[in-house]
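Working notes for the structure below.
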Amino acid sequence: MLEKYQPADIELAAQQRWQKTAAARAVEDTSCPKYYCLSMFPYPSGKLHMGHVRNYTIGDVLARFHTLQGYNVLQPMGWDAFGMPAENAAIQNKVPPAQWTYANIEYMKGQLQRLGFAIDWEREVATCKPDYYRWEQWLFTRLFEKGLIYKKLGTVNWDPIDQTVLANEQVIDGRGWRSGALIEKREIPMYYMKITAYADELLAALDDLPGWPEQVRLMQKNWIGKSTGVRFAFPYELDGKADQLWVFTTRADTIMGVTFVAVAAEHPLATYAAAKNPEIAAFVEECKKGGVAEADIATMEKKGVPTGIFVTHPLTGEQVEVWVGNYVLMGYGDGAVMAVPAHDERDFAFAKKYRLAIKPVVAVAGHEFSTDAWQEWYADKANGVCVNSGKYDGLDYAAAVYAIAADLAAKELGEKKVQFRLRDWGISRQRYWGCPIPIIHCDCCGDVPVPDAQLPVVLPENVVVDGAGSPLARMPEFYETTCPKCGKPAKRETDTMDTFVESSWYFLRYCCADNDQAMVDERVAYWCQGGIDQYIGGIEHAILHLLYSRFWTKLMRDVGLFDNFPAGARLDEPFANLLTQGMVVAPTYYRDEADGKKLWLNPADVDLECDARGRPVAATLRADGQPVVIGGIEKMSKSKNNGVDPQALIDQYGADTARLFIMFASPPDQSLEWSDAGVDGAFRFLKRLWKIVYDHSSVGSVAAYVPGQDGELSPALKAFRRQLHLAIGKIADDYGRRKQFNTAIAAVMELLNAYGKLADSEPLARAVRQEALEAVAVLLWPIVPHIGEELYATLKPGCAISDAGWPKVDEAALKQDEIELMLQVNGKLRGSLRVPASADRAAIEAQALASEAVQKHLAGQAPKKLIVVPGRLVNIVV
RNA sequence: GCCGAGAUGGCGGAAUCGGUAGACGCAGCGGAUUCAAAAUCCGCCGUAGAAAUACGUGAGGGUUCGAGUCCCUCUCUCGGCACCA
């Protein structure tokens, strides 16, 4: 052992050793419990950022901790390799997306290896490789045949200048990010997966996921949005033809207060009205402007036009006018809603704006209705009763809904219905860099799935992308084919799949990445039995990725892929335990360019000017000294160029410091604003630890203290051993149950602070020191494995830390003779009290009352009440 | 707009089940060591106050012997909103 801590040397040596001994290789082994530790795989964007370091360090700490606990641990890694950034890079740098992607994978893999993660690289998958996506295509054909994938029209962002479909992210303030053109909505045919058929199961199963954070289950529950209500119709006659306008409502009790009906711009009634009236046509056109993102639509000013078409109220027979509203979504329910301005806040605002009737039909005792302003109670369904509602007057919410639904049903104009907010998953993308959809379009046979023998449909990799439409659609050598059914010339589908599809099952493929005969095999049963033991990833994936993964697992189950697994290993849910890490956020900086686009600048290239309180007031680009605009503080991302590359940190301090620092900075589930203040402290701590072990071991070797054998300890050593064994227990709890690593590190720091204050150096003290240092090396090993192994090798030559196992807590060392209780008078801290650990309540009360601090604050008053919290405090109330 | 989360010293954070607010670390200040510096070590470090003490966990209210923690109202920040991944 060298006197000086030199991280670069010991880290590279350790990494070479791990590679040579295949230390992280995971092999199925039924003789011990398995632990499948999964981190969300990265998109290969170029370089790692601190969010990745945080995510994968958490995973590595848990993996190594469970190795110490005797589990057979699997920690795999791969690449979410399809996606838009590769196409953007291709346009910018004129490099094929495949080439860019593979280069990024190579670089980022090197960074992950340099960080010392115990990853089994033999299981690596990259989703852009045919041996991966062929199975996705294979399952697609099965689902298509089962009717779980179908085709319908979907609305997309259309850039009329670039003649291309844009992602929501590429629409900025209603304009295309490259062309600057005003974006329009356009309907195109797309393939959809019937996730709504699984809505009930996806919802109900949330209750069986106790290992998931409550907030994630709640978000998914709200996303699925199961609501019970009534679907009913307004009959009408148009050009002599009778028809019905269907709507859904959860507030059927307010049906007598309907004063108009609103339909989406794409609704047939809107189309009909637009054909006759240029003003309505103009409004429908206006509704087509702008993108499809719900956040934009929901924050838009609510507008509408009357159509002049009237429908009949199904219960009152009154005529109700149909409006076209820009806030009604065609893809949601029936594309039409009933409007009850008196009891729906949005309808109220709309009615006030267009001076439509507001008819209150629910009253709440003690409240007076007024059309002047909206009041919270107008929408209260718990305390209301029907009024102005004829035969329904006096009924409460449940009774009114029941009676009204029954009356509608009797007229065959409605029924009770369960509706979900969840919509089917549109998976078609008009993009090149994705998994080809395995469908062949034949004029005679229709949409024909590609037969197994012709899979995979390989995506050509040497393709130039120019941003104007999908290059596949311009490649006859790709799309020209023959129909598998009739043999006539046919056209291959040129859309690719949503990249969420690849990330919905990669975690199963890790188990059997080398199987070229089947999508999954019995190794999946071994590793995934009871669910993946731990999944770690960003909270931003709380809904979409995690919901799609749950859905795909159920699809694979229902296609029969788990049928051959042992009973009990057939998966319903993929992830038993979920840890959602908070975002690592960083400031964004940009410049507005001449063509209206934003140029995002990396924080590392920006100099800041701060006010007296340290808040940034101005920023300049280091390269040219000119000002840049300070944007918001957002999650690190490629698109905003605010990712902080850990490389400089690793180069300067080493991987252990980087890992220790990011784990110490905050608990994993909290979002973390990036700052490197404190890195020095993490490095200093490792240097100090190194020096302590060096100083201790350079005197000569000594065996760790064995209680009951090595003799009685001084009070100081006894207290220190108590702290050591408390720390061992606390840190196991922090790693295992709480998954909070900053407090575990703090406990080791406190232990070393106490170690530094130990004065003794006689053999017994050295034995206790040895015991403590051996333990510390193991306790910290999950976080800082390189230095951990080095220190352990010095302390116990010839012994491997990975065989050491987690240190055992010596319960006897935890015992205390005396404890300290806090003394309060009227809840205010007035002193403390030392009592024997065995003291009973009466003795504690007596001693508390007798104490000087209490007597002083009682000032002669008689205590009214005495509260004793065992082991904590005494509160005296006067 | 809707859904979810968060706010504690100059800064990151601790307080795990309603019971010592500020552990641990950063920054800062003082000292030791050094020709000097770096590194290292020791001490101080919420605000006001000489002290006793009072105040103090985003703001306002409430429950309780006792509230950072529970309840109500509000503000701001972050994540998601179905084509960023």
Side-chain angles (χ1 to χ4, degrees), chain A residues 40 42-43 45 80 83-85 154 156-157 165-171 213-216 218-219 221-223 225 291-300 302 327 331 346 422-431 498-500 503 538-545 547-548 580 582-583 585 613-614 632-635 637-640 661 664-667 669-673 675 677-682 684-685 687-688 691 730 733-734 737-738 740 742-743 745-750 753 756 820-829 832 864-867 869 872-873 875-878:
Chain A
M40 288 183 186
Y43 178 81
S45 55
D80 191 10
M84 235 175 36
V156 295
N157 303 305
V165 176
L166 296 185
N168 285 335
E169 189 188 58
Q170 299 171 313
V171 180
E214 187 54 41
Q215 64 162 297
V216 175
L218 191 55
M219 279 191 263
K221 181 179 177 231
N222 293 339
W223 183 262
V292 299
E294 200 204 281
D296 296 332
I297 293 167
T299 49
M300 226 166 32
K302 310 285 177 286
Y327 61 93
R346 194 176 55 184
L422 182 69
R423 311 199 290 259
D424 275 340
W425 175 15
I427 55 166
S428 294
R429 297 291 179 268
Q430 298 68 44
R431 262 183 256 295
D498 180 2
T499 57
F500 272 124
S503 56
I539 183 65
E540 81 250 49
H541 295 294
I543 296 173
L544 293 180
H545 162 61
L547 190 66
Y548 292 148
T580 44
M583 298 289 86
V585 295
R613 294 193 56 108
I633 294 167
E634 298 179 50
K635 75 167 172 175
S637 74
K638 179 98 187 148
S639 60
K640 297 282 172 73
F661 170 63
F664 187 57
S666 85
D669 55 350
Q670 233 170 77
S671 71
L672 172 65
E673 189 177 338
S675 153
V679 175
D680 278 327
R684 201 142 56 207
F685 171 73
K687 274 195 292 191
R688 206 171 133 229
K691 186 170 186 300
K730 186 220 165 30
D733 189 46
D734 279 349
R737 179 183 63 91
R738 295 216 299 159
Q740 184 169 298
N742 54 335
T743 46
I745 295 164
V748 179
M749 287 174 167
E750 282 178 273
N753 288 345
E820 190 177 27
L821 297 180
M822 291 304 119
L823 278 179
Q824 293 185 344
V825 178
N826 286 338
K828 294 204 162 150
L829 187 68
S832 69
K864 253 191 241 160
K865 198 168 166 186
L866 249 116
I867 294 149
V869 183
R872 290 230 175 240
L873 57 74
N875 187 15
I876 297 159
V877 186
V878 294

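Phosphate contact (OP1/OP2 of B:A82, side-chain N/O of A:Asn168, threshold under 4.0 Å): present. An OP1 or OP2 oxygen of B:A27 is reached within less than 4.0 angstrom by a side-chain nitrogen or oxygen of A:Arg684. Within the 4.0 Å cut-off from OP1 or OP2 of B:U40, at least one side-chain nitrogen or oxygen of A:Lys687 is found. Look at A:Gln824 and you won't find any side-chain N or O under 4.0 angstrom from OP1 or OP2 of B:G18. In this structure, A:Arg738 reaches the B:A15 phosphate: one of its side-chain N or O atoms is under 4.0 Å from OP1 or OP2. The phosphate of B:G12 has neither OP1 nor OP2 within less than 4.0 Å of any side-chain N or O from A:Ser675.
By the side chain to side chain contact (heavy atoms under 4.5 Å, CB included) test, A:Lys865 is found to be paired with A:Ile867, A:Val877, residues two or more places apart in sequence or in another chain being considered. Looking at residues two or more places apart in sequence or on another chain, you find a side chain to side chain contact (heavy atoms under 4.5 Å, CB included) between A:Ala293 and A:Asn168, A:Asp296.
Position along RNA chain B of the nearest nucleotide to A:Ser666 versus A:Glu214 favours A:Glu214 as the more 5'-ward residue.
Side chain of A:Met583, nearest nucleotide from B:G79, B:A14, B:C81: B:G79. With B:C24, B:G80, B:C3 as the candidates, the nucleotide lying closest to the side chain of A:Ile543 is B:G80. Nearest to the side-chain atoms of A:Gln670 among the listed nucleotides B:C65, B:U16, B:A14 stands B:A14. Comparing B:A82, B:C24, B:A85 by their closest approach to the side chain of A:Ala746 singles out B:C24. Here the side chain of A:Leu218 is nearest to one of B:G4, B:A27, B:G13, namely B:G4.
In this structure, CG of A:Leu544 is placed 16 Å from P of B:G4, rounded to the nearest angstrom. Here B:G1 presents its P atom at 14 Å from CZ of A:Arg346, a figure rounded to the nearest Å. Atom-to-atom, CG of A:Asn826 to C1' of B:A54 comes out at 16 Å; the value is rounded to the nearest Å. Between the C1' atom of B:A82 and the CG atom of A:Leu422 lies a distance of 9 Å, rounded to the nearest Å.
B:C45 and B:A52 have their P atoms separated by 13 Å, with the value rounded to a whole Å. Taking the C1' atoms as reference points, B:G58 lies 10 Å from B:U8, given to the whole Å.
Taking 3.5 Å as the limit, the base of B:C65 and the side chain of A:Asn875 contain a donor-acceptor pair of atoms between them. Residue A:Arg737 places a side-chain atom within donor-acceptor reach of the base of B:U16, judged by atom type and a 3.5 Å distance cut-off alone. If you check distances only, the side chain of A:Lys828 never reaches the base of B:U20 with a donor-acceptor pair under 3.5 Å.
Stretches of at least 3 consecutive Watson-Crick or G-U wobble pairs, with each checked distance under 3.5 Å, appear in RNA chain B as B:1-7 with B:75-81, B:10-12 with B:24-26, B:28-32 with B:40-44, B:46-48 with B:53-55, B:58-62 with B:70-74.
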